Protein chains: 2
Amino acid sequence: MSDTRNQEEELRSLQDTLYFIGGKWRIPVINSLCNGNKRFREIERSIPGITTRMLSKELKEMEMNKLVKRTVYDDTPVLIEYEPTEYCHSFGKIIQSMIDWGREHREVVTNKKKSSLKK
Amino acid sequence: MSDTRNQEEELRSLQDTLYFIGGKWRIPVINSLCNGNKRFREIERSIPGITTRMLSKELKEMEMNKLVKRTVYDDTPVLIEYEPTEYCHSFGKIIQSMIDWGREHREVVTNKKKSSLKK
DNA sequence: CAGGATCCTGTAGGATACTG
DNA sequence: CAGTATCCTACAGGATCCTG
């Protein structure tokens, strides 16, 4: 119950979450799924810049980690749908607050981008 | 006002925030500062694994971006203090929800780590 | 204590082309 | 449509040692 212990535990929880977020695309993909996109191309189009390779990897990992459910309907042509699990949705609140924060601080962040590393 | 436009705007805000989070250490550093750590070594010790090089870079960037205020008190030996700005604090809520999420999903995330990529 | 300077490497992730 | 397969590289970030 010492303060140090508390901070350690906080930090661990925090780093778990950071680890979970992982790469560049995890969050946008979760967001897209939570917005109702289900088909591979549909998700792809909703995230400008992502490549099929990256999306494919993300979805595979997310399936392994029970973040999405992949369903194959095989009427020809094959139809495949991805759906976010509850676990996935549980992350939605954080994403929403990230969106809000980003919106609120648009200018600041934008300025930062501009002045980034110019020598 | 179309739905697509909204989603685009959401995504932009989200990616701004993600960009802001940036590297591996930004969030832990903000967290440490918000927990009241002020001295370089103090911050360093509160974040196991970080190197002086990384902390130094983070703090410098954060100062440039008005996330911290650096104050030099020059009684010998020189004393230096870092303090989070309001802007920095504004990110605190998100960090807190990350901590909560991480805590709540500890097992899941932990299992994920273990089973990560073993062929 | 508060950092700076160097050297080095892994790997995330981009580009591109192909398949059933 | 729904992905796989290759090839390739920039750069984030680790390890180490040094300085005022």
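Note that the coordinates shown come from a computational prediction; the quantities given were computed from them, not determined experimentally. Sequence lines set the chain letters: A, B, ... in the order given, protein chains first and strands last, and positions in each chain run from 1.
- At distances below 3.5 Å, at least one donor-acceptor pair connects side-chain atoms of B/T17 with backbone N or O atoms of A/G102.
- As a whole-Å value, the separation of B/L59 CG from C/dG3 P is 7 Å.
- Between A/K60 atom NZ and C/dA12 atom P the separation is 15 Å, expressed in whole Å.
- Of the side-chain N and O atoms in B/Y82, one or more sit less than 4.0 angstrom from OP1 or OP2 of C/dG3.
- Nucleotide C/dT11 holds its P atom 21 Å from the CH2 atom of A/W25, rounded to whole Å.
- Between A/L79 atom CG and D/dC1 atom C1' there is a gap of 9 Å when expressed in whole angstrom units.
- Just one of A/T85, A/L67, A/V68 meets the side-chain contact (heavy atoms from CB on, under 4.5 Å) condition when paired with A/L33; it is A/V68.
- Ring pair A/F91/B/W101 is perpendicular by interplanar angle, where above 60° counts as perpendicular and below 30° as parallel.
- The CD-P distance, from A/E61 to C/dA12, rounds to 9 Å in whole Å.
- Between the B/S32 side chain and the B/V29 main chain, no donor and acceptor come within less than 3.5 Å of each other.
- In this structure, B/L59 and B/F40 have side chains that are in contact, with non-hydrogen atoms separated by less than 4.5 Å.
- Annotation: of the two residues near DNA chain C, A/I50 and B/E81, the 5′-most nearest-nucleotide partner is B/E81.
- Here C/dG4 presents its P atom at 13 Å from CD of B/E44, a figure rounded to the nearest Å.
- Here B/S56 lies in heavy-atom contact (under 4.0 Å) with sugar-phosphate atoms only.
- In terms of polar N and O atoms assigned as donor or acceptor, the side chain of A/T52 comes within less than 3.5 Å of the base of D/dT4 in a complementary pairing.
- Within the 4.0 angstrom heavy-atom criterion, only backbone atoms of the sugar-phosphate kind lie near B/K24; the bases stay farther away.
- Contact annotation: A/R26 does not reach the phosphate of C/dA12 (side-chain N/O to OP1 or OP2, under 4.0 Å).
- Taking atom CZ of residue A/R53 and atom P of nucleotide C/dT16, one finds them 14 Å apart after rounding to whole Å.
- Here C/dG3 presents its P atom at 10 Å from CZ of B/R39, a figure rounded to the nearest Å.
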